[in-house]
Number of protein chains: 2
Amino acid sequence: MHQKLREHIEKVITLTDDEFSLVLSHFHFRSFKKKEFLISKGDSNVDCYYIVSGLLKLIYDDENANEHIVSFSMEDWWESDFIAFFTNTHATMSLQCIEDTDVFCISIENYQKLCDSLQKMEHFLLKKSNSGHIASQRRILSFLTSSAKERYDLLLKQHPSLFQRVNKTMLASYLGVSRETLSRLSS
Amino acid sequence: MHQKLREHIEKVITLTDDEFSLVLSHFHFRSFKKKEFLISKGDSNVDCYYIVSGLLKLIYDDENANEHIVSFSMEDWWESDFIAFFTNTHATMSLQCIEDTDVFCISIENYQKLCDSLQKMEHFLLKKSNSGHIASQRRILSFLTSSAKERYDLLLKQHPSLFQRVNKTMLASYLGVSRETLSRLSS
DNA sequence: TCTAACGCGTGACAAACATCACAAATGTCA
DNA sequence: TGACATTTGTGATGTTTGTCACGCGTTAGA
């Protein structure tokens, strides 16, 4: 299990065994069952997660209790309510399992300690943050420039596996359309 | 002019005079006139910009030559086509002056060199990247959860100054609605 | 294995928004 | 100042999407 985290990090930087032990000591390994929450709206002390296996959804519940899916996250991705994580405030979003999921989690304190104690990891985390920023920019672009149908087609092209693992109601929520509209788009 | 950049960085980390000189040597100062392009679609070697003064728009032109405004950027912000900047690929977006604008620009090579030569700056840039990621997440949330009218009200509340500096056509493009719809929302 | 919950499609209708067309007001610049 | 472009509002109309309602097959759990 540790090996997966190590391989993931070593795609960007190289680590000695001692260095990896140091890294690992800043994380906790945890397993969650389908439907369990890693983060619940209102939580303080929000962690950041590296996903070893499984599938999660990051959701925002609006004032009418409608669920909006901000992102799906799967194997080899990092996820959190980054607003809460980085600003050390209460969670405005929730992170919930769609499938049984194994993760390594890190607190913001340990995130900062790790950056301080191992410069290489700060470099790694900068790369990851930049990638996250890019992914968000792409999603903004899709909302600005594409119709619901086009966003549907783009998602089908870029992440076909999601269509096997996630039901239509959640796909609709991710695409920002109603379940009924999605049903009509795909038929 | 250098002082502005230094103050901006020293909100996060402290620098000696020598360190700041080192930092500065990685940037170029440039001035642009209204309507000039800092980045044009298709450019290679896209730089990243710290905005000393002025106002920019980051735009995406779709296949029908419709202009979509991905973001506005003003004094004390960082801006680029981050997808092109970080992945070292051709620009898919353009960055254009709405007002005369002064910037410090940095290439991706110098960005990386700076990270390597001054760890403190890597820390600073990680903070900035995380902030950028957060801003993007907020914008995604606004598209997922809010109507055009709500996005209009939110923008008016969070950035009232934009309404003085930017015409309605551009505001509409930023909000993702037609000019006519925006005109009806605001009346 | 029985039952309630869930997933998914679809019809009918309403609301939101885009598009096209036009006119008035304002800004720009030689 | 005059000519021209830009900005903005608004009416008419069509398209897209949301909402509500319903049925039916599948799934999950006691």
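Throughout, a chain's letter reflects where its sequence line sits, starting with A, and its residues are numbered from 1.
Near DNA chain D, defined here as any heavy-atom distance below 4.0 Å, the residues from residues 146-176 of chain A are A/Ala148, A/Gly176, listed numerically.
Between B/Tyr49 and B/Phe104, the gap from one ring centroid to the other reaches at least 6.0 Å. Under the 6.0 Å cut-off for aromatic ring centres, A/Tyr111 and A/Phe86 qualify, their centroids lying closer than that.
Aromatic ring orientation, B/Phe124 versus B/His8: perpendicular (interplanar angle above 60°, classes split at 30° and 60°).
Look at CZ on A/Arg184: it is 8 Å from C1' on C/dG9, rounded to the nearest Å. B/Leu144 places its CG atom 12 Å from the P atom of D/dG18, with the value rounded to the nearest Å. With rounding to whole Å, B/Leu182 atom CG is found 10 Å from D/dT8 atom C1'.
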Subject >> Protein proximity profile, nucleotides 21-30 of chain D - base contact B, sugar-phosphate-only contact S, no contact -, cut-off 4.0 Å on heavy atoms >> reply: B---------

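Residues satisfying the side chain to side chain donor-acceptor pair (under 3.5 Å) criterion with B/Asp18, sequence neighbours excluded, are absent altogether. With sequence neighbours left out, the side chain to side chain donor-acceptor pair (under 3.5 Å) criterion links A/Trp77 to no other residue.
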I'd like a table of donor-acceptor pairs (distance under 3.5 Å, sequence neighbours excluded) in which one partner is a side-chain atom from residues 154-164 of chain B, with atom names and distances.
none

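Sorted by first then second residue, the salt bridge (charged side-chain N to carboxylate O under 4.0 Å, His left out) pairs that include residues 59-88 of chain B, not counting sequence neighbours, are B/Lys11-B/Asp76, B/Lys57-B/Glu67, B/Glu75-B/Arg165.
Note on B/Thr181: a side-chain N or O is less than 4.0 Å away from OP1 or OP2 of C/dA18.
A cation-pi arrangement is present between B/Arg139 and B/Tyr174, with the terminal nitrogen or guanidinium carbon under 6.0 Å from the aromatic centre and inside a 45° cone about the axis.
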